[in-house]
Amino acid sequence: MSTRPSTWSYTARSEHYLKEVCPHAHQHSRGQRWRDRTGSDGSNLARNLASRDGNTVAIYNRTCTRTEELLAEHPDAGFVAGRTLDEFVASLTQPRTAIIMVQVGTATDAVIDQLTERFEAGDIIIDGGNANFHDTIAREQRIAPTGIHFVGAGISGGEEGALRGPPIMPGGSAASYETTGPIFDSIAAVADGEPCVTHVGTDGAGHFVKMIHNGIEYADMQLIAEACDLLRTVSGHSPTTIADIFTKWNRGPLESYLIEITAEVLRQVDSATGKPFVDIVLDQAGSKGTGVWTVQNALDLGVPVGGIAAEILAPAVSGKPAQREAVQRVATERPAARKVDASFSDDVAKALYASKVVAYDQGFDVITAGARKYG
């Protein structure tokens with residue numbers, strides 16, 4: 001095992017369908033660069049990589065106290081800490097590999113520029129955040145003349161996935177994937193016996209696929225919310241009864257992490273009022289980032305994505321309380337729902353399943369169109 005680890009920085013975002021940690025271990029000495037501004041996602045991924053046989057993980061954060069906290073909390077991980085960026089880079093085995101996770105935009109460019117100044121031809125910089133794929137394409141073109149590989153990798157899974165194994169959607173060159181692929185395999189989620197990792201294409205492909213991945217998920221979340229509304233307003237079920245229905249659904253074709261946690265949320269009761277939590281939580285959201293980008297790029301590509309677009313519009317409406325209150329003053333009553341029997345919940349389940357299929361199909365159509373345009 002080399003005493004000079006290569007570098008990794010890792011993070012993940014929210015997602016579902018996580019199964020189990022990949023059992024495979026990559027038997028090379030690899031370090032991990034940790035540059036995490038969000039907290040537990042990056043640190044959990046550092047721990048994930050450090051837990052694999054043969055890995056030595058180098059970590060760095062511009063705020064030294066964050067690094068010290070991680071060292072103190074997980075002494076068994078064997079992290080190699082860099083107190084400065086130069087010290088960190090000097091600790092790495094060549095060819096170096098860095099995964100960065102910082103705020104999307106100028107902060108990402110700043111870190112990339114700092115690493116580019118210190119790295120050499122053959123080294124690899126991986127952006128694991130939710131960058132706009134257009135920016136990823138531009139960054140790859142800017143860095144390519146240096147001989148340094150730049151990889152945009154879509155990473156999903158949230159805090160739990162970061163530790164137990166995230167789905168990963170890397171782009172970049174085929175040459176860079178020869179190095180990163182086995183390491184991604186070793187830390188990724190597993191489904192049907194296979195790591196949830198594939199080289200989806202060059203330059204911005206990884207972030208393009210992650211964008212669509214998020215757009216589909218947001219549509220899924222909105223569909224689940226509408227299913228809850230139907231069961232509440234039409235069937236007249238309480239949140240606890242709806243939780244029971246969702247638990248049943250989670251044992252069948254609708255099984256997913258989102259269905260599971262929806263049931264958990266519906267069972268929660270506010271201790272101060274004794275009311276269901278879903279009845280007292282602030283019902284305002286918004287739309288930005290990858291969901292909006294999904295719809296914008298679908299329109300640019302001429303692909304209809306009505307289901308995904310509806311999800312983007314629904315939280316946008318929820319985030320305008322003044323307009324909602326004005327409408328409620330005029331429309332004081334909802335139309336009376338027809339009476340339904342117990343089979344109605346089965347009808348809702350079938351409608352939810354069919355709507356999910358539509359959302360996935362729309363997302364895949366955008367990926368297909370994107371592949372034709374961007375190669």
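Sequence positions, counted from 1, serve as the residue numbers for this chain.
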Note to self: For Phe133, give me all partners under ring pair (Phe, Tyr, Trp, His ring centres under 6.0 Å), at least two apart in sequence or on another chain.
What the structure shows: Phe208, Tyr374
Next item on the list: Report the residues that fulfil ring pair (Phe, Tyr, Trp, His ring centres under 6.0 Å) with His237, sequence neighbours left out, ordered by chain and then residue number.
Entry: none
Check whether any side-chain heavy atom of [X] sits under 4.5 Å from a side-chain heavy atom of [Y], and report yes or no.
X: Leu301; Y: Arg372; value: no
X: Pro95; Y: Ile124; value: no
X: Phe79; Y: Arg47; value: yes
X: Lys356; Y: Leu352; value: yes
X: Ser43; Y: Arg66; value: no
X: Pro195; Y: Phe184; value: no
X: Phe246; Y: Ile224; value: yes
X: Ile155; Y: Lys210; value: no

Is there a path of hydrophobic side-chain contacts, each under 4.5 Å between heavy atoms, that joins [X] and [Y]?
X: Val278; Y: Val269; value: no
X: Val295; Y: Val317; value: no
X: Leu313; Y: Val303; value: no
X: Val358; Y: Val348; value: no

Next item on the list: Please report the shortest heavy-atom distance between Ser156 and Pro166, naming the atom on each side.
Entry: O-CB, 2.6 Å
Check: Any idea which heavy atoms bring Val305 and Ala298 closest together, and the distance?
Finding: CG2-CB, 3.5 Å
Margin query: Counting neighbours of CZ on Phe344 that are heavy atoms of other residues, nucleotides or ligands and sit closer than 6.0 Å, is the number greater than 12?
Written below: yes
Checklist line | Thr294, Leu299, Val292 screened by side-chain contact (heavy atoms from CB on, under 4.5 Å) with Gln296, the one that passes | finding: Val292
Quick one: pull up [atom1] in [X] and [atom2] in [Y] and give me the separation to the nearest 0.5 Å.
X: Thr179; Y: Ile126; atom1: OG1; atom2: CD1; answer: 9.0 Å
X: Thr247; Y: Arg267; atom1: OG1; atom2: CZ; answer: 4.0 Å
X: Leu223; Y: Ile216; atom1: CG; atom2: CD1; answer: 11.5 Å
X: Ser51; Y: Ile187; atom1: OG; atom2: CD1; answer: 9.0 Å
X: Glu260; Y: Glu255; atom1: CD; atom2: CD; answer: 8.5 Å
X: Ile100; Y: Ile125; atom1: CD1; atom2: CD1; answer: 7.0 Å

Item checked: Basic-acidic side-chain contact under 4.0 Å: Arg142, Asp113 -> yes
Exam field: side chain [X] to backbone [Y], donor-acceptor pair closer than 3.5 Å:
X: Arg52; Y: Ser186; answer: yes
X: Asp123; Y: Arg96; answer: yes
X: His207; Y: Asp127; answer: yes
X: Asn55; Y: Leu49; answer: yes

Note to self: Would Asp244 and Leu266 count as a side-chain contact (heavy atoms from CB on, under 4.5 Å) here? Give the steps.
What the structure shows: CA-CA 9 Å; Asp244 292 338; Leu266 288 167; over 6 Å; no
Next item on the list: Go through the steps to decide whether Arg62 and Val111 satisfy the test side-chain contact (heavy atoms from CB on, under 4.5 Å), and finish with yes or no.
Entry: CA-CA 10 Å; Arg62 67 175 184 176; Val111 175; over 6 Å; no
Quick one: side chains of residues 198-206, donor-acceptor pairs under 3.5 Å with protein atoms, not counting sequence neighbours, listed by atom name and distance.
residue	atom	partner	partner atom	Å
His199	NE2	Gly171	O	3.4
His199	NE2	Gly172	O	2.7
His199	NE2	Gly201	O	3.2

Margin query: Checking side-chain polar atoms at under 3.5 Å, does His134 have a donor or acceptor matched by the opposite partner on Asn297?
Written below: yes
Checklist line | Under 3.5 Å side-chain donor-acceptor pair for Ser343 and Asp341 | finding: yes
Checklist line | Counterpart residues, salt bridge (Lys or Arg N to Asp or Glu O under 4.0 Å), relative to Glu68 (two or more places apart) | finding: Arg83
Between side-chain atoms of residues 226-236 and protein atoms elsewhere (two or more places apart, or another chain), which donor-acceptor pairs fall under 3.5 Å?
residue	atom	partner	partner atom	Å
Glu226	OE2	Gln222	NE2	3.0
Arg232	NH1	Asp279	OD1	3.1
Arg232	NH2	Asp279	OD2	3.0
Thr233	OG1	Asp229	O	2.7

Checklist line | side-chain hydrogen bond (donor to acceptor under 3.5 Å, both in side chains) pairs, two or more places apart, involving residues 298-324 | finding: Asp283-Arg324
